[in-house]
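Working notes, structure below.
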Amino acid sequence: TYPLPGDLACPYPPMGPGMHIVEESVVSKRGTIEPLLLLHAQELATHPHIMQVAPDWERYAAMEAADVLMGLFMYEDTHLIGYSVNFVVRHMHYSGLVYCQNDVLFLHPEYREGGFGAFLIRETEARAKARGAGFIVWHAKPNTPLDKLLPRMGYAVQDVIHSREL
């Protein structure tokens with residue numbers, strides 16, 4: 001089994017042949033990822049009237065050029081079913097620490113059973129570590145599947161983010 005704590009153990013690979021995760025350019029996935037981004041926003045946007053999906057592809061391209069953007073894409077055969085987009089950078093306050101901060105993480109709802117989300121998170125951890133990260137930070141909306149999954153994977157709350165519309 002793939003090494004996940006407690007009841008999260010799952011066979012490796014998680015969904016059999018045809019399931020795979022590929023590290024790819026985020027910008028190169030623009031046309032492919034946009035339908036999932038819209039589904040993601042419909043599910044989780046807390047202020048949809050101001051949080052409208054409109055990625056800044058030029059800034060993503062600049063981050064890729066600076067080698068600080070890491071995009072992992074989960075496929076069933078050639079069908080994109082999820083993504084984990086992250087920044088792997090030197091911390092601004094702790095300059096000796098390279099860390100990974102997630103930008104967006106999403107798995108199509110039809111694939112959320114069976115440990116596939118945990119597999120995508122573990123693969124993100126492994127790839128971030130390979131890039132030199134010693135720490136990883138995820139943000140999650142309260143009471144979502146991700147919010148419930150992370151503590152089961154050994155994560156603890158470090159900061160709480162509060163927001164309000166201006």
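All values below come from the heavy atoms of this structure, side chains included, with hydrogens, waters and symmetry mates left out.
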Under 4.5 Å side-chain linkage, directly or through intermediates, the cluster mates of M92: none
Side chains of residues 98-106: which donor-acceptor pairs under 3.5 Å do they make with residues two or more places apart or in other chains?
residue, atom, partner, partner atom, Å
N102, OD1, H139, N, 2.8
D103, OD2, Y60, OH, 2.4

Nearest-0.5 Å distance, CG of residue L36 to CE of residue M74: 12.5 Å
Heavy atoms of other groups near R59 CZ, more than 12 under 6.0 Å: no
Distance-minimising heavy-atom pair for F73 and E24: CE1-O, 3.6 Å
Distance in Å, L39 CG paired with E34 CD, rounded so as to fall on 0.5 Å steps: 13.5 Å
Exceeds 12 heavy-atom contacts within 6.0 angstrom, atom NZ of K129: no
Closest approach of A133 to V88 (non-hydrogen atoms, all atoms of both residues): CB-CG1, 4.2 Å
Value rounded to 0.5 Å, distance of OH in Y83 from OG1 in T32: 12.5 Å
Minimal non-hydrogen separation, V26 against G71, with atom names: CG2-CA, 3.8 Å
Nearest-0.5 Å distance that lies between atom CD in E76 and atom CZ in F116: 9.0 Å
Minimum heavy-atom distance between F135 and V137, given as atom pair plus value: CE2-CG2, 3.7 Å
Side-chain donor/acceptor of R112 to backbone N/O of G117, under 3.5 Å: no
Residue pair W138, I121: steps toward the side chain to side chain contact (heavy atoms under 4.5 Å, CB included) verdict: CA-CA 10 Å; W138 299 94; I121 289 168; 3.8 Å; yes
Straight-line distance of F87 CZ to M63 CE, nearest 0.5 Å: 4.5 Å
Nearest heavy atoms of A140 and T144, plus distance in Å: CB-OG1, 4.4 Å
L72 CG to N86 CG distance, which is reported to the nearest 0.5 Å: 6.5 Å
Pairs satisfying salt bridge (Lys or Arg N to Asp or Glu O under 4.0 Å), at least one member in residues 60-73, at least two apart: D67-R131
Worked check of side chain to side chain contact (heavy atoms under 4.5 Å, CB included) between I81 and M19: CA-CA 10 Å; I81 61 167; M19 293 302 298; 3.3 Å; yes
Nearest non-hydrogen partners of L80 and I33, listed with the distance: CD2-CA, 3.9 Å
